[in-house]
There are 2 protein chains.
Amino acid sequence: MAEAPSRPESRYGTRPTMKDVAARAQVGLKTVSRVVNGEPGVTADTVQRVQEAIAALGFRRNDSARLLRKGRTASIGLVLEDLADPFYGPMSRAVEETARAHGTLLIHGSSAALPERERELVLALCARRVDGLIVVPAGDDHRYLEPEMAAGLATVFVDRPPGRIDADAVLTANFAGARAGVAHLIAHGHRRIAFVGDRPGIHTAAERLRGYHAAMAEAGLAVDASWVALGPTGPDRVGPAVRALLEGPDPVTALFTANNRITVTAVRVLAGRGLPVALVGFDDFELADVVSPAVTVVAQDAAELGRAAARLLFGRLEGTARAPERLELPTRLIVRGSGETPPS
Amino acid sequence: MAEAPSRPESRYGTRPTMKDVAARAQVGLKTVSRVVNGEPGVTADTVQRVQEAIAALGFRRNDSARLLRKGRTASIGLVLEDLADPFYGPMSRAVEETARAHGTLLIHGSSAALPERERELVLALCARRVDGLIVVPAGDDHRYLEPEMAAGLATVFVDRPPGRIDADAVLTANFAGARAGVAHLIAHGHRRIAFVGDRPGIHTAAERLRGYHAAMAEAGLAVDASWVALGPTGPDRVGPAVRALLEGPDPVTALFTANNRITVTAVRVLAGRGLPVALVGFDDFELADVVSPAVTVVAQDAAELGRAAARLLFGRLEGTARAPERLELPTRLIVRGSGETPPS
DNA sequence: CTCAGAATTGACAACGTTGTCCAGGGCCTA
DNA sequence: TAGGCCCTGGACAACGTTGTCAATTCTGAG
């Protein structure tokens with residue numbers, strides 16, 4: 001009876017291993033390892049023999065095995081809501097850039113804003129033993145990460161704070177930014193200002209709404225409940241909501257739209273109407289300067305959000321333990337025209 | 001002398017292993033493995049003991065080790081130019097979605113359009129033994145992948161064909177799309193039509209240019225060399241180039257812009273001028289319908305590009321060997337106004 | 001020519017998991 | 001009660017690499 005070696009069916013045919021190289025070069029396994037890693041203590045002659053064998057066999061070191069032995073994976077995980085959202089592009093890019101500088105690969109996952117999927121993805125990444133994790137939270141309870149972090153997993157939350165655990169976080173000054181944006185509208189004479197925002201369960205949405213209320217209160221303006229429209233950010237909801245705000249018996253004269261998707265839908269609706277309505281949006285977006293009127297926005301720096309998070313993460317990976325840190329990045333009001341339209 | 005075990009400094013503290021769980025549950029190592037993987041042949045009693053130990057220690061299976069043993073990594077690599085480019089967002093998203101459906105993680109890398117970096121990234125992914133690879137090529141010589149593919153690495157190229165090797169590819173009908181776009185301008189009475197494009201070394205750019213020439217030739221129109229402006233797609237180059245086309249003694253009456261970045265810059269330039277100039281752009285972009293006039297575009301479906309590539313990749317991973325395939329996805333002319341402006 | 005010391009090399013275990021296979025115990029049947 | 005079978009559980013090797021350490025060879029000085 002022939003013996004049946006326990007080689008499981010492999011994805012990648014049969015790739016040569018160091019053992020194969022060693023056999024071919026008539027050399028010990030460890031010597032091959034030394035050559036591959038450029039370690040000293042191998043004669044030029046041996047190096048050449050090994051390198052010839054490597055070339056002949058088309059050997060490439062298996063980093064998965066290597067990193068298992070080394071006890072780290074040289075990879076970090078990034079979990080966000082949706083890669084297709086233009087807000088996350090520059091953020092991912094910045095994280096990736098920093099990772100690259102640290103010789104680290106980036107594993108990517110989109111939660112589609114579903115807490116369950118966020119959890120699933122994060123735990124899958126933990127199982128892979130990523131060295132660190134950057135998360136844009138979808139859920140509001142991250143206690144499931146406690147054992148992982150206790151075991152040494154570095155984690156940084158971005159854009160929204162972690163829920164029910166203490167951890168590093170990099171946030172935008174949502175409250176202050178929204179307040180400034182609304183105050184800008186007030187300064188240009190508006191009194192009846194609507195707030196079109198995301199579901200209030202989302203931290204950023206709640207903070208921006210708080211900023212709106214603060215600005216109104218500071219100006220001594222009462223807020224009519226009908227001026228605040230919260231809900232999903234798809235055009236299906238936002239389009240009708242904006243139209244309703246403008247078509248009532250006593251319409252608002254200005255809109256504060258609380259994120260880029262909402263702003264873009266509002267711009268579409270406004271473009272289809274004659275009357276000029278003032279508009280300030282949270283988040284900058286491409287072509288904000290080209291539509292007419294150009295859109296005044298409270299801009300946040302998505303790339304800097306990613307860079308800061310990555311910096312924090314690698315700091316934690318390289319340094320010693322320290323207390324969780326919370327960074328808040330300022331926003332920038334970009335005046336372009338739509339926010340300076342006087343009330344009609 | 002105390003013995004010094006060869007435990008390398010680990011990234012993640014000391015996480016419990018199956019061995020630890022086995023010790024605590026007073027059970028063999030393999031039994032723990034069976035419980036963790038839900039394999040049959042373990043009494044309910046033993047299962048419970050093991051599960052208690054798992055919970056008590058906060059054990060989580062190390063998938064890196066698992067996959068090393070299994071001979072696959074359940075991950076695929078995606079290398080593209082720049083995650084921050086809005087064109088790649090939907091594409092990545094589609095790839096990720098498909099990967100998710102196959103229980104596979106996505107490792108991401110941006111080449112920044114540098115062939116050297118593409119190679120570096122791709123080879124790093126090969127060293128990790130990703131099961132498959134989706135590449136938007138930056139370079140034009142991919143022979144370095146030959147040994148990898150011979151060893152069984154599934155590879156699919158997207159958006160641009162591979163260079164000097166034979167492999168799966170999913171492309172857009174660049175030639176046909178550009179020809180249709182330019183023909184559209186010709187049908188609306190234009191004779192002096194400029195082409196503003198990317199560096200001609202890039203396959204998509206060359207194909208679109210070829211489409212432009214074909215449409216002009218089919219209409220019996222001669223092309224003045226000064227109408228063709230090729231180069232980097234940054235605003236620094238494109239802005240002046242567009243202005244030059246419109247300000248000569250004998251200016252063009254229409255522009256065909258060969259990708260989204262160029263189109264957006266052109267829109268900016270045109271927005272700053274009185275004269276209406278016809279414009280058709282390759283690639284759709286957000287707010288193309290809102291700027292004025294709304295921009296007529298030759299749209300390609302980035303998400304479908306990603307989906308098709310992922311489908312091809314997983315087909316290859318699951319199926320038997322087959323000859324490399326080349327898919328070409330059609331474009332769609334979206335008429336919005338800017339392309340129907342008559343010549344002035 | 002001999003021997004110390006340095007340089008080179010390789011055998012072996014370990015990283016954390018899974019596949020193979022065998023041992024032991026319980027149960028049923030004859 | 002003996003024999004056979006099934007069920008459960010565990011020992012061991014293997015995945016492909018690196019760390020440790022001992023064995024071997026080489027060098028040069030005395």
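Chain letters run A, B, ... following the sequence lines, proteins first, then strands; residues in each count from 1. Hydrogens, waters and symmetry mates are skipped; everything else that's a heavy atom, side chains included, is used.
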Trainee: Check A/R129 with B/D63, please: is the shortest side-chain N to carboxylate O separation under 4.0 Å?
Mentor: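 Result for this pair is no, no salt bridge flagged.
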
Trainee: Please determine whether a side-chain nitrogen or oxygen atom of B/T31 lies at a distance below 4.0 Å from atom OP1 or OP2 of D/dG10.
Mentor: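 Checking B/T31 against D/dG10: at least one side-chain N or O falls below 4.0 Å of OP1 or OP2.
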
Trainee: Taking N and O atoms by type only, does the side chain of A/K19 place a donor or acceptor under 3.5 Å from a partner on the base of D/dG16?
Mentor: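 Result: no qualifying N/O pair found.
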
Trainee: Would you say a side-chain N or O of A/S33 is under 4.0 Å from OP1 or OP2 of D/dT18?
Mentor: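 For A/S33, the contact criterion (side-chain N or O under 4.0 Å from OP1 or OP2 of D/dT18) is met.
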
Trainee: In whole angstrom, what separates B/R128's CZ from D/dG16's P?
Mentor: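 Rounded to whole Å, this separation is 17 Å.
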
Trainee: CG of A/L29 versus P of D/dG16: gap in Å, rounded?
Mentor: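 Distance check: A/L29 CG to D/dG16 P gives 11 Å.
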
Trainee: For D/dG9, take OP1 and OP2 only and decide whether either is under 4.0 Å from a side-chain N or O of B/T46.
Mentor: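 For D/dG9, OP1 or OP2 has a side-chain N or O of B/T46 closer than 4.0 Å.
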
Trainee: A/Q26 CD to C/dG10 C1': how many Å, rounded?
Mentor: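 Rounding to the nearest Å, CD of A/Q26 and C1' of C/dG10 are 14 Å apart.
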
Trainee: Starting at CG of A/L68 and ending at P of C/dT17, how long is that distance when rounded to a whole Å?
Mentor: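 Answer to the nearest Å: 9 Å.
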
Trainee: With a 4.0 Å cutoff (strictly under), does any side-chain N or O of B/R61 reach OP1 or OP2 of C/dT18?
Mentor: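 For C/dT18, OP1/OP2 do have a side-chain N/O of B/R61 under 4.0 Å.
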
Trainee: Between A/S64 and B/R128, is there a donor-acceptor pair closer than 3.5 Å when you use the side chain of the first and the backbone of the second?
Mentor: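 Yes: the side chain of A/S64 pairs with the backbone of B/R128.
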
Trainee: Looking at every strand, decide which applies to A/V36 at a 4.0 Å heavy-atom threshold: base, sugar-phosphate, or nothing.
Mentor: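 If one applies the 4.0 Å heavy-atom cut-off, A/V36 turns out to touch nothing in the nucleic acid.
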
Trainee: Rounded to whole Å, how long is the line connecting atom CZ of B/R129 with atom C1' of D/dC15?
Mentor: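 Spelled out: CZ on B/R129 to C1' on D/dC15 is 12 Å.
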
Trainee: Counting any heavy atom closer than 4.0 Å, what does B/N37 reach on the DNA or RNA strands: base, sugar-phosphate only, or nothing?
Mentor: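 The answer is sugar-phosphate, as B/N37 gets under 4.0 Å only of primed atoms, P, OP1 or OP2.
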
Trainee: Parallel, tilted or perpendicular: which describes the rings of B/H102 and B/F314, with under 30° parallel and over 60° perpendicular?
Mentor: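 Parallel.
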
Trainee: Should the pair B/D168-B/R322 be classified as a salt bridge under the 4.0 Å nitrogen-to-oxygen rule?
Mentor: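 The answer is yes: the pair qualifies as a salt bridge.
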
Trainee: To the nearest Å, give me how far apart CZ (A/R49) and C1' (C/dT8) are.
Mentor: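 Checked: the CZ to C1' distance equals 12 Å.
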
Trainee: Could you tell me the separation between the CZ atom of B/R72 and the P atom of D/dA14, rounded to a whole number of Å?
Mentor: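 In whole Å, D/dA14 P lies 23 Å from B/R72 CZ.
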
Trainee: Return the 5'-most residue of the pair B/A65, B/K30 with respect to DNA chain C, ranking by each residue's nearest nucleotide.
Mentor: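 On the 5' side of the pair lies B/A65.
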
Trainee: Is a donor-acceptor pair below 3.5 Å formed from side chain A/R69 to base D/dT18, judging by atom type as modelled?
Mentor: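 For A/R69, whose side chain was compared with the base of D/dT18, there is a donor-acceptor pair (under 3.5 Å).
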
Trainee: Does A/T43 place a side-chain N or O at less than 4.0 Å from the phosphate oxygens OP1/OP2 of C/dT9?
Mentor: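 A/T43 to C/dT9 OP1/OP2: side-chain N or O found under 4.0 Å.
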
Trainee: So, are B/R100 and B/E96 salt-bridged, with charged N and O less than 4.0 Å apart?
Mentor: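 The answer is no: the pair does not qualify as a salt bridge.
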
Trainee: Taking only side-chain nitrogens and oxygens of A/K70, does any of them come within less than 4.0 Å of OP1 or OP2 of D/dG19?
Mentor: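 So the side chain of A/K70 is within the cut-off, an N or O lying under 4.0 Å from OP1 or OP2 of D/dG19.
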
Trainee: On the side chain of A/R34, is there an atom forming a donor-acceptor pair with the base of C/dG10 - under 3.5 Å, no angle test?
Mentor: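 For A/R34, whose side chain was compared with the base of C/dG10, there is a donor-acceptor pair (under 3.5 Å).
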
Trainee: Starting at atom CG of A/D45, determine the distance to atom P of C/dA7, rounded to an integer number of angstrom.
Mentor: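 Going from CG in A/D45 over to P in C/dA7 covers 18 Å.
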
